[in-house]
Amino acid sequence: MEKIEFNYPEAKRLITKRAHVGVVGSGDMEVLLEPNSQEGARVFITTSVNGFGDAWKAVFDRFFSKFGGAVRIYINDAGATPGSVLLRLEQAVEVIEQ
């Protein structure tokens, strides 16, 4: 298991809702998204696949280029592909924006 963290201090949009999407299982992941009490966003990833920190960073850089929410994101991963990660993140954003 690998633990990865990222910070996005430029994320400033106030978020008030929480979201939980996805299920940890073979080749999938869950995303827990909650408001951050401070400016900026923090990402905490626990993954069963080691050595893909650069790939995770690229996915989150792309995500935060569009989503400027001040949130904490917790990801529990069981080998999801980058496309699945973006899909789950977009689903979480849909939940908080309803």
Side-chain angles (χ1 to χ4, degrees):
M1 291 296 243
E2 184 173 5
K3 294 188 182 288
I4 304 167
E5 291 185 26
F6 300 116
N7 292 307
Y8 291 88
E10 65 279 1
K12 299 188 187 305
R13 184 164 60 103
L14 178 65
I15 302 297
T16 59
K17 292 184 179 179
R18 296 172 185 239
H20 177 210
V21 296
V23 180
V24 179
S26 178
D28 209 351
M29 61 178 278
E30 73 177 341
V31 173
L32 304 145
L33 188 149
E34 62 185 35
N36 195 359
S37 59
Q38 304 165 349
E39 285 188 352
R42 301 217 39 213
V43 178
F44 305 92
I45 302 162
T46 301
T47 179
S48 62
V49 183
N50 296 335
F52 285 87
D54 290 342
W56 282 104
K57 178 79 167 112
V59 167
F60 277 98
D61 287 352
R62 182 174 177 190
F63 175 72
F64 279 105
S65 73
K66 299 175 187 174
F67 175 73
V71 295
R72 283 188 306 263
I73 298 174
Y74 299 91
I75 291 183
N76 297 305
D77 172 57
T81 65
S84 296
V85 174
L86 278 173
L87 175 65
R88 291 286 184 226
L89 291 168
E90 290 169 1
Q91 288 174 324
V93 169
E94 283 183 21
V95 168
I96 65 169
E97 291 183 345
Q98 291 179 354

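These values consider heavy atoms only, across backbone and side chains, with no hydrogens, waters or symmetry-generated copies.
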Inset, instruction - Find out whether Leu89 and Phe60 are in side-chain contact, i.e. whether some heavy atom of one side chain is under 4.5 Å from a heavy atom of the other. - result: yes
Inset, instruction - Sequence neighbours left out, what passes salt bridge (Lys or Arg N to Asp or Glu O under 4.0 Å) with Glu34? Give chain and number order. - result: Arg18, Arg72
Inset, instruction - Taking Asn36 for its side chain and Ala70 for its backbone only, find out whether a donor-acceptor pair lies under 3.5 Å. - result: no
Inset, instruction - Using the test side-chain hydrogen bond (donor to acceptor under 3.5 Å, both in side chains), find all partners of Arg62 that sit at least two apart in sequence or belong to another chain. - result: none
Inset, instruction - Return each pair, listed once, that meets ring pair (Phe, Tyr, Trp, His ring centres under 6.0 Å) where at least one residue sits in residues 68-98; pairs must be two or more places apart or across chains. - result: Phe44-Tyr74
Legend entry - Which atom of Ala41 lies closest to which atom of Gly69, heavy atoms considered: CB-O, 3.7 Å
Inset, instruction - Could you tell me whether the side chain of Leu32 reaches within less than 4.5 Å of the side chain of Asn76, counting heavy atoms only? - result: yes
Inset, instruction - Find out if a path of hydrophobic residues (ILVMFWY) with successive side-chain heavy-atom gaps under 4.5 Å connects Phe63 to Leu87. - result: no
Inset, instruction - Taking the side chain as every heavy atom from C-beta outward, state whether Val43 and Trp56 have any atom pair closer than 4.5 Å. - result: no
Legend entry - Over 12 foreign heavy atoms within 6.0 Å of CG, Asn50: yes
Inset, instruction - Report the residues that fulfil salt bridge (Lys or Arg N to Asp or Glu O under 4.0 Å) with Glu90, sequence neighbours left out, ordered by chain and then residue number. - result: none
Inset, instruction - List the steps, then state whether side chain to side chain contact (heavy atoms under 4.5 Å, CB included) holds for Asp61 with Phe6. - result: CA-CA 10 Å; Asp61 287 352; Phe6 300 116; over 6 Å; no
Inset, instruction - Check whether any side-chain heavy atom of Ile4 lies under 4.5 Å from a side-chain heavy atom of Lys57, and answer yes or no. - result: no
Legend entry - Lys17 versus Pro35, closest heavy-atom pair with distance: O-CD, 3.4 Å
Inset, instruction - Kindly write out the residues that satisfy ring pair (Phe, Tyr, Trp, His ring centres under 6.0 Å) with Tyr8, not counting sequence neighbours, or none if the list is empty. - result: Phe64
Legend entry - Pairwise side-chain contact, Asn7 with Arg42, heavy-atom cut-off 4.5 Å (strictly under): yes
Inset, instruction - Please round to the nearest 0.5 Å and tell me the distance separating atom CD of Gln91 and atom CG of Leu86. - result: 11.5 Å
Inset, instruction - Report the residues that fulfil ring pair (Phe, Tyr, Trp, His ring centres under 6.0 Å) with Phe52, sequence neighbours left out, ordered by chain and then residue number. - result: none
Inset, instruction - Indicate the atoms forming the closest heavy-atom contact of Val59 with Pro82, along with that distance. - result: CG2-CB, 3.8 Å
Legend entry - Distance, nearest 0.5 Å, that separates OG1 of Thr47 from CE of Met1: 7.5 Å
Inset, instruction - Please round to the nearest 0.5 Å and tell me the distance separating atom NE2 of His20 and atom CG of Leu33. - result: 11.5 Å
Inset, instruction - Could you grab the distance from atom CE of Met29 to atom OG of Ser48, nearest 0.5 Å is fine? - result: 11.5 Å
